[in-house]
Amino acid sequence: MIEWSEEDLMIRDAVRGWIDAEVRPNLDALESGELPPYDLLRNLYKTFGMDEMARSSFRSRPARQREGGAGAAGGDGSGDDRPGGGNAAMSMLPVIELCKVAPGLVSAMGVGLGLAAGTIMKRGTPEQKERWALPLLTMEKVGAWAITEPNSGSDAFGGMQATARKDGDEYVLNGGKTFITNGPYADTIVFYCKLDNGDAPRDREILTFVLDRGMPGLEQGRRCARWACTPPPPASCS
């Protein structure tokens with residue numbers, strides 16, 4: 001059981017005050033999907049300095065790894081690059097309080113930080129982390145994690161039909177995803193697909209690509225409630 005300090009409780013009360021002022025008046029619009037949550041989340045980050053904490057944690061991560069090895073950064077490879085950096089109160093209290101009132105905001109934030117940025121932080125090069133993960137961790141950009149497909153059901157990897165075909169030094173991606181949280185608004189999309197190398201579909205290697213909004217061939221579907229997307233047409237991106 002966590003024992004919150006007096007300072008932590010002051011943070012909790014401040015977060016509750018922010019939620020009362022900024023979130024509660026907009027609950028109907030948020031729940032219907034009329035109001036995307038991203039400006040509210042950016043406001044939260046700036047109000048409580050969570051963006052600067054995440055940026056500072058990101059910058060100090062290589063030193064932490066050198067001192068304690070890769071495991072020092074956390075079991076999932078993402079380290080303390082989360083809301084509030086390594087500050088437990090700032091990492092947990094905004095999430096706890098938001099879950100009581102508007103859990104959809106936590107989902108939108110968690111997908112961008114935990115899944116999209118987390119995947120890049122775990123698998124990416126230093127340059128890729130700087131380019132794509134850092135703006136997600138500070139909420140400057142919106143991230144999505146595209147794995148679910150219209151025909152794959154719960155067998156997301158086994159039934160995956162999206163493919164990547166090697167074309168010289170590049171890849172051409174073909175496939176559609178569905179019910180992707182943040183998908184219609186995402187600036188950065190972590191896209192899962194299978195290498196089209198002639199093997200049987202279930203035996204193909206699974207690859208991960210980072211896609212930018214607006215790149216040739218990428219179409220992001222229309223919005224619906226809770227900021228997930230309907231199935232877009234097949235995309236071809238190189």
Side-chain angles (χ1 to χ4, degrees), residues 15-48 50-51 54 82-83 92-120 132-133 135-154 156 160-162 173 175-192 209-215 217-235 237:
V15 170
R16 287 179 177 177
W18 180 87
I19 291 173
D20 288 341
E22 302 293 339
V23 178
R24 289 188 187 276
N26 294 300
L27 277 177
D28 288 343
L30 287 166
E31 288 299 315
S32 69
E34 176 186 350
L35 177 66
Y38 311 108
D39 285 341
L40 278 175
L41 291 173
R42 292 187 184 105
N43 182 306
L44 172 69
Y45 264 54
K46 290 189 178 297
T47 298
F48 294 96
M50 296 162 67
D51 53 346
R82 55 192 176 186
M92 299 175 63
L93 286 172
V95 173
I96 291 171
E97 297 303 323
L98 279 174
C99 279
K100 298 175 182 177
V101 179
L105 269 70
V106 178
S107 297
M109 181 169 60
V111 167
L113 275 65
L115 295 179
T119 299
I120 298 168
W132 285 302
L136 297 179
L137 294 167
T138 58
M139 282 300 301
E140 294 172 51
K141 292 189 175 182
V142 177
W145 195 71
I147 184 171
T148 305
E149 296 185 1
N151 299 315
S152 63
S154 60
M160 186 173 291
Q161 297 177 9
L173 309 187
K177 302 292 181 176
T178 189
F179 302 123
I180 305 304
T181 300
N182 298 343
Y185 303 95
D187 303 295
T188 303
I189 302 171
V190 176
F191 185 90
Y192 282 77
F209 293 84
V210 180
L211 309 182
D212 290 312
R213 170 180 286 276
M215 67 186 304
L218 174 63
E219 296 186 33
Q220 291 171 245
R222 65 186 183 274
R223 70 174 177 82
C224 62
R226 293 198 181 279
W227 324 292
C229 68
T230 53
C237 310

Between Q220 (side chain only) and A186 (backbone N and O only), is there a donor and an acceptor less than 3.5 Å apart? yes
- Query: Under a 4.5 Å cut-off applied to non-hydrogen side-chain atoms, are L218 and I189 in contact?
  - Reply: yes
Any side-chain heavy atom of I120 within less than 4.5 Å of one from L136?
-> yes
Query raised in the report: Looking at side-chain heavy atoms only, is the closest gap between K141 and R213 below 4.5 Å?
Result: no
The reported gap from OG1 in T138 to CZ in R42 (rounded to nearest 0.5 angstrom) is 9.5 Å
Regarding W145 and N182, is there a side-chain donor-to-acceptor distance under 3.5 Å anywhere? no
Short question: side chain of S152, backbone of T148 - any donor-acceptor pair under 3.5 Å?
-> no
One should read off an interatomic distance between L44 CG and M109 CE, to the nearest 0.5 angstrom, of 6.5 Å
For this session: Could you go through the side-chain contact (heavy atoms from CB on, under 4.5 Å) check for V15 and F48 one step at a time?
Result: CA-CA 8 Å; V15 170; F48 294 96; 3.9 Å; yes
Worksheet entry | Min side-chain heavy-atom separation V23-L30 under 4.5 Å | yes
query: Do I147 and V190 have side chains that get closer than 4.5 Å, going by heavy atoms?
result: no
- Item | Close side-chain approach of Q161 and N151, heavy atoms under 4.5 Å | yes
Apply side-chain contact (heavy atoms from CB on, under 4.5 Å) to L211 and T188, showing your working. CA-CA 6 Å; L211 309 182; T188 303; over 6 Å; no
inquiry  = Would the distance check show the side chain of K177 and the main-chain N or O of Y192 forming a donor-acceptor pair, the cut-off being under 3.5 Å?
reply    = yes
Can you find a heavy atom in the side chain of M50 that is under 4.5 Å from one in the side chain of P94? yes
To the nearest 0.5 Å, atom CG of L40 lies from atom CG of L105 at 6.0 Å
task: Could you check if a side-chain atom of R16 sits within less than 4.5 angstrom of a side-chain atom of I19, using non-hydrogen atoms only?
output: no
Rounded to the nearest 0.5 Å, the CG atom of N26 sits from the CD atom of E34 at a distance of 9.5 Å
